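Structure first, commentary second.
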Amino acid sequence: MMASASSFEECCLHQCLNSASSKVLSKSDAFVKIRAFEPDRTTPLTVVNWDRGGVAKFHYQCWDKLLEAARQNGNAGQLRLTGAERNMVVEGAKTAEFHDADEKVEGEAAHIAEILLNSRNCIAFTGAGISTAAGIGDFRGLDGKWTNRDKKKQYGASASSLSTSKCSLIDLRPTYSHEALIKLMEIGLLSFIISQNTDGLHRLSGVPPEKIAELHGNSFVEKCEKCQTRYERRFPARTNKIKCPDNPCRMCKMSHRTGRKCEKRRCDSYLMDTIIHFGDNLEDEVLKRAEFEASKADAVLILGSTLMVSPAHLLVTRGPEPHRLIICNRQVTPYDDECYKVGRDMKQLGSRVFGDCDFLMREVMKHIMPSAELQQWEKDRAERLKIYDSKRGLD
C-alpha cells in the first residue's frame, strides 16, 4: 500500500528537520539554507538539529512548514517549537538563501538563452553575488557584511561564529560569470553592463570602459579632484601603506584622497578614490550613462543582486515595457514577480533562478555557443588567468 502524499511530506519533514547537515538532501535537490544565531548550551531546541553557528538546510516545502510554525507562535501541524527556536527560525528567514534544483536551473537556462538570442538590446546588472565565487564576501547573504554586523549587534554573536571575508582585492580574479558576460558582449548579445561592484573584476575581464557603468566606483581607479582625469591602477587605489591627507568628504565624512597627485601637466592636484561610500551621491556622469543605457534595454540580465539599493535598483525597469527581467540570486528580491509575467503569446517574459550565478551561466552558455567552441573557450581560461595576473600587482 502506497503512503499518501501528506504522510510522505510528514516523513520528509521529520527527516529534514532532524538532519540539518542535509543527509536527506541530494546534490541536485532544491534547498533553502538559513543561518540564525549561535545558541548557548542551555537553549532548549526540540525540533531542528542545528549545525554549528545556527546553520541548517531544508527542502523548500519543509522550510515553508517550519516558517509557518514559527510565525504561528511556534505551533503548526505536528510541529511544536520552543520560544528560542522560534526566534532562530524567524531570524534565519531574514537572510535565507534558496537554491533551485539542478533540473530547474537547466530548464531555465534554455529559456534565458532564448531571451538573449531574441533580444535587440540586452544589458546586464550585477551585484556582489557575481563575485562570491572569486572569494569576496557579499552584504546580505548568510555570512554577508551587514548580516554579521546585525547579528552581532542584536544577539552578541561571538567573533568565532561569524565568518568574514579577508581576501585581498589584488588577488581576486574574474569568475565564470564575469567571463561569460564579456563573451556575450563579443558575440553581440550583450550591449552594456551596469555594476554595483567595486572589485574591478569586470574591467579586469576585458570589459571596455565605455561599455560599463560602475555605479559605486572601482577600487582600482582613482581620479583627480580638480581636472577629473582618471587613472586605472594595477593595485587598489587606497592602501594602508599610504598616508592620506586629512580632507574629509562633506557627504560621507571620510577622506577620498589616496596620497598621490595628478600626473597631468600644470594640474598637480590630489587624486581621489572613486568608491561611493554611504552618504555619497553617485557620480552624475556615471549615473546618467547607466540611465541612458537602461532606458533602451529590452531585456536585463541581473546577476547576484538583491535589488535593494536605491537608486541603482530603479534602473532594471527603466526600459520599455513589457520588461524582460532575468534574475539569478540566492535571496528573494522586490522584482521577482516581474520575472513571471507573461506576454501576449502567454509565454513567460523573463526568468527567475535561485542559486549560484556561475552554475546558471555555465548552463546558459551551452545554449549560446557551439559545443566545440564552448569547450575551447573554457579550456582557454588558463591563458586568460595569466593575462589577469599580468594586470595585477604592486608597481
Side-chain angles (χ1 to χ4, degrees), residues 3-39 43-105 107-108 129 132 138 140-144 147 150-151 154-155 161 163 304 306 308 327-337 339-340 352-356 359-360:
S4 66
S6 59
S7 63
F8 174 79
E9 289 179 0
E10 290 297 331
C11 179
C12 175
L13 179 62
H14 176 75
Q15 292 183 44
C16 195
L17 297 182
N18 285 280
S19 301
S21 57
S22 35
K23 294 179 180 178
V24 298
L25 286 163
S26 71
K27 291 183 178 180
S28 60
D29 281 346
F31 69 90
V32 56
K33 183 177 181 181
I34 73 166
R35 174 170 161 244
F37 51 86
E38 183 80 60
T43 302
L45 304 176
T46 60
V47 176
V48 179
N49 181 24
W50 301 88
D51 284 345
R52 182 181 178 185
V55 176
K57 285 184 180 181
F58 311 96
H59 290 110
Y60 279 6
Q61 66 270 25
C62 297
W63 169 245
D64 288 341
K65 289 180 178 294
L66 183 63
L67 187 58
E68 178 187 5
R71 289 173 173 170
Q72 294 182 7
N73 295 319
N75 299 315
Q78 301 297 317
L79 297 179
R80 298 291 184 271
L81 279 67
T82 65
E85 195 156 42
R86 176 178 174 273
N87 290 338
M88 292 180 72
V89 172
V90 172
E91 174 64 22
K94 296 177 183 177
T95 54
E97 293 185 348
F98 296 85
H99 295 257
D100 287 336
D102 289 359
E103 184 178 0
K104 165 74 180 303
V105 177
E108 287 300 314
T132 53
D138 58 16
R140 282 294 178 188
L142 295 185
D143 296 310
T147 301
D150 292 347
K151 286 190 185 331
Q154 185 170 356
Y155 299 101
S161 68
S163 59
T306 56
M308 297 290 286
I327 301 178
C328 178
N329 193 56
R330 295 177 184 177
Q331 295 171 293
V332 298
T333 83
Y335 291 84
D336 288 352
D337 289 346
C339 301
Y340 301 108
R352 182 57 170 105
V353 174
F354 288 91
D356 297 329
F359 179 55
L360 172 64

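Every value quoted in this text rests on a predicted model; they were computed, and no experiment measured them. FYI, the numbering just counts along the sequence from 1.
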Approximate separation, where rounding is to 0.5 Å, of [X] [atom1] and [Y] [atom2]:
X	Y	atom1	atom2	answer
Arg35	Trp50	CZ	CH2	12.0 Å
Arg352	Asp336	CZ	CG	4.0 Å
Leu67	Ile34	CG	CD1	8.5 Å
Arg330	Thr95	CZ	OG1	12.0 Å
Glu85	Leu66	CD	CG	7.0 Å
Lys57	Glu97	NZ	CD	10.5 Å

Which heavy atom of [X] sits nearest a heavy atom of [Y], and at what distance?
X	Y	result
Met308	Pro334	SD-CG, 3.6 Å
Gly355	Cys328	O-SG, 3.7 Å
Ile327	Thr333	CD1-OG1, 3.8 Å

Next on the checklist: Using the side chain to side chain donor-acceptor pair (under 3.5 Å) criterion, which residues pair with Asn329? Sequence neighbours excluded.
Outcome noted: none
Next on the checklist: Which residues pass the side chain to side chain donor-acceptor pair (under 3.5 Å) test with Asp337, not counting sequence neighbours?
Outcome noted: none
Checklist entry - Looking at residues at least two apart in the chain, or sitting in another chain, which of them share a ring pair (Phe, Tyr, Trp, His ring centres under 6.0 Å) with Tyr60? => result Phe98
Next on the checklist: Restricting to ring pair (Phe, Tyr, Trp, His ring centres under 6.0 Å), what partner residues turn up for Phe359, sequence neighbours left out?
Outcome noted: none
Next on the checklist: Suppose we screen for side-chain contact (heavy atoms from CB on, under 4.5 Å). Which residues come up paired with Asp64, at least two apart in sequence or across chains?
Outcome noted: none
Next on the checklist: Could you check whether any side-chain heavy atom of Phe354 comes within less than 4.5 Å of a side-chain heavy atom of Val332, counting everything from C-beta outward?
Outcome noted: yes
Next on the checklist: Is any side-chain heavy atom of Val105 closer than 4.5 Å to one of Asp356?
Outcome noted: no
